Protein chains: 2
Amino acid sequence: MLADPTRATFCVALLDGRAWTASELARVAGVSAPTATGHLHRLVDSGLCTERRQGRHRYVQLADPETAALIESLAGHFPAAAAPTGLRASTASAALARGRTCYDHLAGRLGVAVTDAMTGRGLIDRDAGFALSDKGRDWMTAELGVDTAAWSTGRRPAAKECLDWTERRSHLAGLAGAAVCARFLEAGWIRRIGSTRAVRLTGPGAEALERLLDLDAAALE
Amino acid sequence: MLADPTRATFCVALLDGRAWTASELARVAGVSAPTATGHLHRLVDSGLCTERRQGRHRYVQLADPETAALIESLAGHFPAAAAPTGLRASTASAALARGRTCYDHLAGRLGVAVTDAMTGRGLIDRDAGFALSDKGRDWMTAELGVDTAAWSTGRRPAAKECLDWTERRSHLAGLAGAAVCARFLEAGWIRRIGSTRAVRLTGPGAEALERLLDLDAAALE
DNA sequence: GCGACACTTCGGCGGTCGCCGAACCGTCCC
DNA sequence: GGGACGGTTCGGCGACCGCCGAAGTGTCGC
């Protein structure tokens, strides 16, 4: 199911967590519309994706964060699939390596750096697994204004480990990861590059990282 | 790569963590020896498996626990692949559902029950992720005689979440999961059924579960 | 040395599946 | 209404790939 190059391309594109139309996906994968239609049917039937009809458009997105995590971990195991060729592609992939969204949280050098800084300050506890500490929970509330009390419901974990396929190291996922990413976007600390999943750190964003996590943004290049 | 039915069968068989010979794998997958050879070459080349030549035998096993976790989570996302047909197959799958090893730790109803019991007693902290608590670390040392101090080295986490594809819930993996499974096998609390990955709880094992975790073995059927 | 055995390589067969062009159906906008 | 456009269905082409049989290589045991 995910072995087909076209479907794999679709899934990687969908990793940004947004809903794509059928023709957008057809274009990035370089296939015709009929081909894309067939693949999307299979992805939806298999439960990997959900669709939403709206007018003459068909919006498709990944079914849930678990599916996104599965695809990221697959990408981590098969780095060959992500090897780009040509100048245009390699600058795009460099941007992705610097910072990007992974479904609904931060990844790339940026995501790993934030995770490391949070670990260093005792916000994430890695000694015996991968958990948000009490201190981390307080930090989320105080510094980011996140209502962590609402997290008790539902079965999605507060903190989750996600293997970064460019850095080959772990970054923060789960509710906390999603909250950090949402807050960063909302505050204008990061901004999407074009309509891709690559993100760029803004000036205020660099200041915020320095202030909140004592993180030197220059080290992120 | 993992989409091929034959290779998928190989991988599921290899999930027990042991090394299999080429002909054993060919037999369980129902293919000829030449076919198996070709598939094994590709699995080894892709880094999913490692091989060890020994005399005229070729022993193959999964490369590492991360790979095993990846395959288990794939199995969790595509339950159709595990649907058995026929009496023989369905009794075998019932045994697997009761209890089995998942690479090097416990899975199935047994694995989930142990994990739940450990969570209930505060040995595993699930509030903010999935981590072994200090209390859990002490318990491993006192009750199982595990030297948790040696865990600080290496990058494999002490506790890790692993999605159980029969129970559709999480069970304990990572160093702690491996230690529990090893200790249970060593003490004769569980025993392998034939040469499969299914395990059976023994009489002393039921007593131990009752004593250590206040877990009623009868509830596991 | 000589069989038995585990595994490998080669060649060729066959089915599956991804792909597209052409034609069709619905929605949007003028 | 009519054109433009997104999406869909159908049919057929072509390539890829998994599969096996036959023959070959190395190892083990008598």
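Computed from a predicted model, the values in this text were never measured in an experiment. Below, chain A is the first sequence line, B the second, and so on; all start at residue 1. Note: hydrogens, waters and symmetry copies are ignored here, and every other heavy atom, side chains too, is used.
- With values rounded to the nearest 0.5 angstrom, B:C49 atom SG is found 12.5 Å from B:H39 atom NE2.
- Atom CH2 of B:W20 is separated from atom P of C:dA6 by 16 Å (rounded to the nearest Å).
- Here the P atom of nucleotide D:dG26 and the CZ atom of B:R58 are 16 Å apart, to the nearest Å.
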Please produce a list of atom pairs where a protein N or O lies less than 3.5 Å from an N or O of nucleotides 17-20 of chain D.
residue : atom : partner : partner atom : Å
D:dG18  : OP1  : B:R7    : NH2          : 3.3
D:dG18  : OP1  : B:R42   : NH1          : 3.1
D:dG18  : OP2  : B:R42   : NH1          : 2.9
D:dC19  : OP1  : B:T6    : OG1          : 2.7
D:dC19  : OP2  : B:T6    : OG1          : 3.4
D:dC19  : OP2  : B:H39   : NE2          : 2.5
D:dC20  : OP2  : B:S32   : N            : 2.9
D:dC20  : OP2  : B:S32   : OG           : 3.0
D:dC20  : OP2  : B:T35   : OG1          : 2.9

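- To the nearest 0.5 Å, the span separating OH on A:Y59 from CD on A:Q54 amounts to 5.5 Å.
- Taking atom CD on B:E24 and atom C1' on C:dC5, their separation rounds to 14 Å, with Å as the unit.
- If you check distances only, the side chain of B:R56 does reach the base of C:dC5 with a donor-acceptor pair under 3.5 Å.
- With contacts defined as side-chain heavy-atom distances shorter than 4.5 Å, the pair B:L110/B:H171 does not qualify.
- Ionic pairing of A:D104 and A:R183 is not present here: no N-O contact between side-chain nitrogen and carboxylate oxygen is shorter than 4.0 angstrom.
- Spacing between atom CG of B:D45 and atom P of C:dT8 amounts to 12 Å, rounded to whole angstrom units.
- If you take NE2 of B:H57 and C1' of C:dT8, they are 15 Å apart, rounded to a whole angstrom.
- Of the inter-residue distances, the one linking A:R58 atom CZ with A:E51 atom CD reads 4.5 Å to the nearest 0.5 angstrom.
- Summarising the geometry, the separation between CG on B:L43 and P on C:dC7 is reported as 15 Å, rounded to the nearest angstrom.
- A:R52 has its CZ atom 18 Å from the P atom of C:dT27, to the nearest Å.
- Atom pair A:E51:CD and D:dT8:C1' shows a separation of 12 Å (rounding to whole Å applied).
- With A:W165 as the aromatic partner, A:R100 meets the cation-pi criteria of under 6.0 angstrom to the ring centre and within 45 degrees of the ring axis.
- As judged by a 4.0 angstrom heavy-atom cut-off over every strand, B:S23 is placed among residues touching the sugar-phosphate backbone only.
- A:R27 has no carboxylate O lying under 4.0 Å from a charged side-chain N of A:E24, or vice versa, which leaves the two without a salt bridge.
- Taking only side-chain atoms of B:R53, from C-beta outward, the nucleotide of D:dT8, C:dC7, D:dG6 with the closest atom is C:dC7.
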